[in-house]
Amino acid sequence: LAKALISILEPCKTHLVQEGAGLFNYNGGCTYSEKVVLFEGWSRLLWGIVPLKKGGFTWRGDELHKNGYRIGPDPNSKYYWGDVKDFDQKIVEMASISLSLLLLKEEYWDPLTAKEKQNLYSWLYSVNSKEFSKNNWLFFRILINIALLKLNLPYSKDKLEQDLTLIDNMYVSDGWYKDKVPFDYYNPFAIQYYSLIYYHFMKDVDKERCNSYKNRVIQFAQQYIHFIGEEGGFVPYGRSQTYRFASLSFFSACVFADIEVLPWSIIKGIIFRGFRWWFKQPIFDKEGMLTIGYLYPNLMMSEQYNAPGSPYWALKSFLVLAVDKEHEFWKSKEDKLPTLENPKLLKVPNMLMMRTSDKDVVMLNG
């Protein structure tokens with residue numbers, strides 16, 4: 001799994017720009033500026049790099065990439081990422097930086113000078129005075145504030161509690177959240193995923209809320225398993241399909257949080273079959289960079305917020321690499337999916353899932 005991730009990261013080394021503080025894939029437009037596009041690509045690599053390093057592996061482009069922590073948050077740098085504004089895409093990309101500070105303080109925080117630490121802290125903390133959509137984005141500010149908390153730095157306790165309450169208000173039942181749009185993969189690869197990271201770091205501090213998260217995750221897994229085909233693919237549906245194997249990230253995060261929503265052997269089968277299935281598809285360009293599209297490069301599969309570096313959000317699925325090698329997940333053998341009710345009505349999202357004789361899954365969306 002680490003080799004697969006390194007094979008994705010390796011071509012990115014030659015695409016790092018601005019002294020390592022940006023990632024340039026190719027020219028492409030979206031709803032935010034080119035400066036933010038470069039920062040987005042840089043930050044999304046962290047979803048893979050951080051678990052990779054936590055797991056004891058290395059990537060040859062790491063030192064150049066890590067230089068972004070020194071110059072990106074520095075207002076006096078010509079490669080400054082920019083002040084954080086209301087409804088700013090940069091807020092999304094701060095989440096992976098927060099994970100790096102939570103998981104690898106000794107790599108990403110301790111080596112910085114006092115001035116560099118102040119720059120990074122001030123830049124991250126500024127999100128507490130900003131307005132943005134009351135949807136899954138709330139978890140970005142939640143992760144920022146718990147990262148500051150764990151670093152023993154001033155954070156906004158009020159904003160943290162406010163955002164957590166708003167997330168709880170989005171909960172429906174059976175493990176499903178609804179953030180003002182139809183139920184889709186933003187349940188598993190966003191809200192549930194971030195709740196699992198929160199659980200990992202806060203379960204001994206915020207016990208009641210984390211117990212709720214755990215129960216919701218377990219319930220959701222029993223629903224989500226019906227989206228998966230026998231060969232590893234997932235039913236394509238909803239927003240942001242260009243994030244591709246991000247659909248696996250929910251199960252990866254369950255291992256990270258040590259919540260056995262299904263037997264570890266079944267979870268291992270889902271993750272490994274899923275990666276093998278995706279790596280059989282032509283999702284990379286001739287240089288090995290991820291493209292916008294789904295099973296192949298296809299701009300018709302894009303949304304207005306998809307920039308050239310956006311597909312690297314898929315690296316969230318490699319969070320499992322941060323899990324200790326002695327964990328039962330790694331010791332388990334891959335197992336196939338359990339026998340599932342067919343057809344299966346998922347009452348909350350109002351979907352009927354039907355498994356076909358040729359190992360596919362069909363969703364009938366009510």
Side-chain angles (χ1 to χ4, degrees), residues 1-30 34-69 71-72 79 81 92-93 96-97 99-100 104 107-108 189 232 240-249 252 271-272 274-299 301-302 305-322:
L1 197 59
K3 286 181 179 178
L5 174 55
I6 292 169
S7 73
I8 296 173
L9 293 173
E10 197 60 25
C12 297
K13 181 183 177 183
T14 56
H15 289 259
L16 290 172
V17 296
Q18 298 185 340
E19 296 180 15
L23 179 77
F24 176 79
N25 193 349
Y26 55 85
N27 288 311
C30 63
E34 181 65 19
K35 177 186 284 190
V36 179
V37 167
L38 295 176
F39 168 59
E40 177 194 69
W42 176 92
S43 68
R44 295 195 174 194
L45 295 185
L46 283 170
W47 289 115
I49 295 170
V50 174
L52 184 77
K53 292 170 70 171
K54 183 68 175 179
F57 302 95
T58 58
W59 168 53
R60 289 187 296 176
D62 182 59
E63 285 304 313
L64 178 58
H65 181 272
K66 196 162 61 173
N67 196 46
Y69 283 79
I71 60 176
Y79 299 129
W81 290 325
V92 179
E93 313 314 329
S96 59
I97 296 175
L99 179 68
S100 73
L104 287 172
E107 286 273 346
Y108 291 102
F189 65 39
S240 302
Q241 290 301 296
T242 197
Y243 298 155
R244 295 184 171 109
F245 48 89
S247 52
L248 297 167
S249 64
S252 185
I271 293 174
F272 277 68
F275 276 122
R276 285 196 293 266
W277 186 86
W278 273 108
F279 290 152
K280 290 177 183 176
Q281 316 306 326
I283 59 178
F284 302 97
D285 65 18
K286 63 182 180 180
E287 291 186 285
M289 302 291 286
L290 279 171
T291 56
I292 292 176
Y294 191 63
L295 292 187
Y296 47 84
N298 180 5
L299 289 176
M301 289 295 295
S302 67
Y305 54 84
N306 292 160
S310 296
Y312 286 92
W313 219 52
L315 300 190
K316 293 165 69 176
S317 294
F318 287 99
L319 182 60
V320 69
L321 286 173

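Quantities reported herein were computed from a predicted structural model and do not represent experimental measurements.
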Spell out, as yes or no, whether a donor-acceptor pair under 3.5 Å connects the side chain of [X] to the backbone of [Y].
X	Y	answer
Thr291	Phe284	no
Asn67	Gly20	no
Ser317	Ser249	yes
Ser252	Val320	yes

Out of curiosity, [X] [atom1] to [Y] [atom2], how far, rounded to the nearest 0.5 Å?
X	Y	atom1	atom2	answer
Leu290	Leu315	CG	CG	7.0 Å
Ile271	Leu319	CD1	CG	9.5 Å
Leu38	Trp81	CG	CH2	12.0 Å
Glu63	Thr58	CD	OG1	10.5 Å
Asn298	Gln241	CG	CD	12.0 Å
Gln281	Arg244	CD	CZ	9.5 Å

With a 4.5 Å heavy-atom cut-off, do [X] and [Y] have their side chains touching?
X	Y	result
Leu295	Ile283	no
Tyr26	Ile292	yes
Lys54	Leu321	no
Met301	Tyr296	no
Asp285	Pro297	no
Pro308	Val37	yes

Option from Tyr312, Phe275, Trp59 for which ring-ring contact (aromatic ring centres under 6.0 Å, His included) with Phe318 holds: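 Of the listed options, the one satisfying the test is Phe275.
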
Face-on cation placement of Lys316 at Trp313 ring, 6.0 Å and 45° thresholds: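 Geometry flag: set, cation within 6.0 Å and 45°.
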
Worked check of side chain to side chain contact (heavy atoms under 4.5 Å, CB included) between Phe57 and Leu1: CA-CA 11 Å; Phe57 302 95; Leu1 197 59; over 6 Å; no

Using every non-hydrogen atom in the two residues, find where [X] and [Y] come nearest and quote the distance to one decimal.
X	Y	result
Gly61	Leu16	O-CD1, 4.0 Å
Pro51	Gly48	CD-O, 3.3 Å
Cys30	Asn306	CB-O, 3.8 Å
Ser100	Val50	CB-CG2, 3.6 Å

Holding to salt bridge (charged side-chain N to carboxylate O under 4.0 Å, His left out), I want the full list of residues that pass it with Glu10, two or more places apart in sequence or in another chain.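 In terms of salt bridge (charged side-chain N to carboxylate O under 4.0 Å, His left out), with neighbours along the sequence ignored, Glu10 is linked to Arg60.
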
Just do the side chain to side chain contact (heavy atoms under 4.5 Å, CB included) check on Tyr79 and Val17 with the steps written out, would you? CA-CA 10 Å; Tyr79 299 129; Val17 296; over 6 Å; no

Strictly by side chain to side chain donor-acceptor pair (under 3.5 Å), give each pair with a member in residues 42-53 just once, sequence neighbours left out.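 Found Glu40-Arg44, Trp42-His65, Ser43-Glu93, Arg44-Glu93, Arg44-Tyr243, Lys53-Asp62, Lys53-Glu107, Lys53-Tyr108.
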
Are Tyr305 and Ser240 linked by a side-chain donor-acceptor pair shorter than 3.5 Å?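 Note: Tyr305 and Ser240 side chains meet the donor-acceptor criterion.
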
Give the intermediate values and the outcome of side chain to side chain contact (heavy atoms under 4.5 Å, CB included) for residues Ser7 and Phe279. CA-CA 11 Å; Ser7 73; Phe279 290 152; 5.8 Å; no

